[in-house]
There are 4 protein chains.
Amino acid sequence: MKKKMTEKSIELFEKKGFTQTSIQDIVDELEVTKGTFYYYFSSKEQLLMAIHLEYIDDLLERQEKILKAESSSSVEKIRNIIALLIHDIQDKGPSGRVFFREIRHLSDENIRIIKQKRNQVRLNIEKVIRTGMDSGELRPNLKPDIITFAILSLTNYSYQWFKPDGEILSDELVQIYADVIFNGIIEKND
Amino acid sequence: MKKKMTEKSIELFEKKGFTQTSIQDIVDELEVTKGTFYYYFSSKEQLLMAIHLEYIDDLLERQEKILKAESSSSVEKIRNIIALLIHDIQDKGPSGRVFFREIRHLSDENIRIIKQKRNQVRLNIEKVIRTGMDSGELRPNLKPDIITFAILSLTNYSYQWFKPDGEILSDELVQIYADVIFNGIIEKND
Amino acid sequence: MKKKMTEKSIELFEKKGFTQTSIQDIVDELEVTKGTFYYYFSSKEQLLMAIHLEYIDDLLERQEKILKAESSSSVEKIRNIIALLIHDIQDKGPSGRVFFREIRHLSDENIRIIKQKRNQVRLNIEKVIRTGMDSGELRPNLKPDIITFAILSLTNYSYQWFKPDGEILSDELVQIYADVIFNGIIEKND
Amino acid sequence: MKKKMTEKSIELFEKKGFTQTSIQDIVDELEVTKGTFYYYFSSKEQLLMAIHLEYIDDLLERQEKILKAESSSSVEKIRNIIALLIHDIQDKGPSGRVFFREIRHLSDENIRIIKQKRNQVRLNIEKVIRTGMDSGELRPNLKPDIITFAILSLTNYSYQWFKPDGEILSDELVQIYADVIFNGIIEKND
DNA sequence: TATGAATGAGTGTTCATTCAT
DNA sequence: TATGAATGAACACTCATTCAT
């Protein structure tokens, strides 16, 4: 039941937003009563926090696996991280959208916790870029922090427009975005 | 007074969000009463729509100017559009953030109107890219629609993290982002 | 309307208790809506605090008048204070009962404020007793603080059983209680 | 377990009040579940009634013992009853406070039962006073009912301020109160 | 004896909106 | 142009109580 509630909440939060979704909306859909909701969650915010934690913890865990792969080059690792972030939108699109949009409705303390984990994701990318610059895989004159923001912009903003069931597949999107990031769009006349 | 209300609303909507800001909050700051608000606006949503319209119409207008400049190359036009979108965050950050975050609180009909104008901005970029590909300035194998989304991701997502008063200047950000988009990050060993 | 609300609230709080009286109960009786209540009071507790303040401030003011009367002896002053406290039960019985019973539902800060004023009433009585002992009007071996509690017990507890519309008049009660306090109940065989 | 529940309830009811204490609060402290509570008590009110009954029945029983002592004078009996009532505050303070404060949360029928027993305590005192007046121990012109209320006011109100662990001992309080009641506070210049 | 899931009526509070003045 | 009193629907949350196991 707790699982069912979380899932239905993600669905509704994504469709209507956190504030616009009432506890009544959630329990109505599951055909239970409000009391039942509060049996499993102590508050609406706690539910939102649970959704956030599940999302970011899973993401961090999978990112660590990519980082630890010793056989990968930095370029491969970046490509894998881009794939990870983009695919998340396909696989768990709704919770991703909730994650990116509703964080502000958490309490200050919870925001701090989530932002710290989000920063970890960001700093992990930054580190790979630095390693790639040092090893000569990447151009030496880059600003790693800004490049990281560029990558996160591409992947995170995709939840705003990318529909996994649309014409373009998420694998294609990964390939195109990696190509842009790595090679740029200008024609080189060598 | 109407102007003052709009401005104060943008400020509050940005700080606390549309739903979390009450009419009472707005009128309290201006030291008038709720009646006054309803003299100038027929509803809270109408105020939000006014903010959206002002933002997007101004943006479209300035984008058109860039597009019409006959002396510019496609690459220059793209760079100018990136500059336009990034600078907006600096100059009218709050209304930009409101624009990107609160659209969902408009009525369906109003959402349609705003999205149409937003699409216009997007299609304008797409067209410049196509022109650049045709003229040989840009690589011929690009997907213009996706590249457009990439550009919009970089610029629009910047409102999430970019602080105009921080270390990095918006001019620098424009330059770095243009460099990434045009040249990529990989070291070319020609 | 605010006045009407306070009065009806006192009436209901006295009959059913603060917690058992809902805002709905109050507004139903006045045939208005809950919104109206919150137009005049920011919370249920604030209403309770208003009731407390009005009661104790009025009491203190009238007590001061008694204390300042230069022509009265200490015995007369004590008798007048007993009359003041007892008559309050008759004149504004309901708010007195609310005052003595519901203080615990105030916030800690508000409890502090009210208790301080209540202590003032108590200390004022204590001072009169000391003066009476010094001047020889009262027995020299009394404990003024305990005697004060005795007086307050008699008067304050009367709200628990004394009905002003019953057989015995409040003037009689004052006389009897003053007689007990001053002379005791034992038969003196001098 | 039933005993433990009653005791913990008294403790909580005294600290937070009957309405402010939830069944959940009680069972949490005992580390059992709500189901367990309803195994032993049919309702929250029934628990409150049990507390009241235990208190008043015990009091009545001990009062009867005092009344039956043939060797005591009326004055001695009154002094003993004052001691009984005051000491109860020391020995079972919490349940006394619950008794005096929360009776209103009983059902009408239960209120009737408790009030009847409370009246018995009162009428017993009244009877001793009458006997004392008839035998010449007490002043002949007293109103026994009012004097009884005076005694009960002194003793019952003491739960509002008297702290058994404070400076003054309950034995001293008994002595002082008895002295006031019997002798008054005025200096007699015979 | 005890649990834990579920109920449903109720609570204080918020707030966009209306309207006579 | 602006006010201020009033509305009413909604909201998050509480809690005594039930009952199958």
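Naming convention: chains lettered A, B, ... in sequence-line order (proteins, then strands); numbering from 1 in each chain.
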Closest to the [X] side chain, choosing from [options]:
| X | options | value |
| --- | --- | --- |
| Lys44(D) | dA12(F), dA6(F), dT17(F) | dT17(F) |
| Thr33(C) | dT1(F), dG4(F), dT7(F) | dT7(F) |
| Ser43(D) | dA16(E), dA2(E), dT17(F) | dT17(F) |
| Tyr38(A) | dA12(F), dT13(E), dT18(E) | dA12(F) |
| Val32(B) | dT3(F), dG12(E), dA12(F) | dT3(F) |

Carboxylate-amine/guanidinium proximity below 4.0 Å for [X] and [Y]:
| X | Y | value |
| --- | --- | --- |
| Lys8(D) | Glu31(D) | no |
| Glu102(D) | Arg104(C) | yes |
| Arg112(B) | Glu109(B) | yes |

Contact class for [X] (heavy atom, under 4.0 Å): base, sugar-phosphate, or nothing?
| X | value |
| --- | --- |
| Thr36(D) | base |
| Phe37(A) | nothing |
| Thr19(B) | nothing |

**Item:** side-chain hydrogen bond (donor to acceptor under 3.5 Å, both in side chains) partners of Ser22(A), counting only residues at least two apart
**Value:**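 Partners of Ser22(A) by the side-chain hydrogen bond (donor to acceptor under 3.5 Å, both in side chains) criterion, ordered by chain and then number, come out as Asp25(A).
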**Asked** Under the 3.5 Å rule, do the base of dT13(E) and the side chain of Lys34(C) count as making a donor-acceptor pair?
**Response**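 Such a pair exists between side chain and base.
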**Prompt:** Is there a residue in residues 103-114 of chain D whose heavy atoms reach under 4.0 Å of DNA chain F, and which residues are they?
**Reply:**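 Result for residues 103-114 of chain D: none.
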**Item:** Integer-rounded Å distance: dA16(E) C1' and Leu48(B) CG
**Value:**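 Value for this atom pair: 14 Å.
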**Protein-nucleotide distance (Ile23(D), atom CD1; dT3(E), atom P), rounded to Å** =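 So the two atoms are 15 Å apart, to the nearest Å.
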**Item:** Which nucleotides of DNA chain F pair, in dot-bracket form (Watson-Crick or G-U under 3.5 Å, | meaning another strand)
**Value:** .||||||||||||||||||||
**Request:** Please figure out whether Gln20(A) or Glu31(C) has its closest DNA chain F nucleotide nearer the 5' end.
**Result:**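 That would be Glu31(C).
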**Request:** Identify whether NZ of Lys or CZ of Arg in Lys44(B) sits under 6.0 Å from the centre of the six-membered ring of Phe18(B) and within 45° of that ring's axis.
**Result:**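 That pair qualifies as a cation-pi contact.
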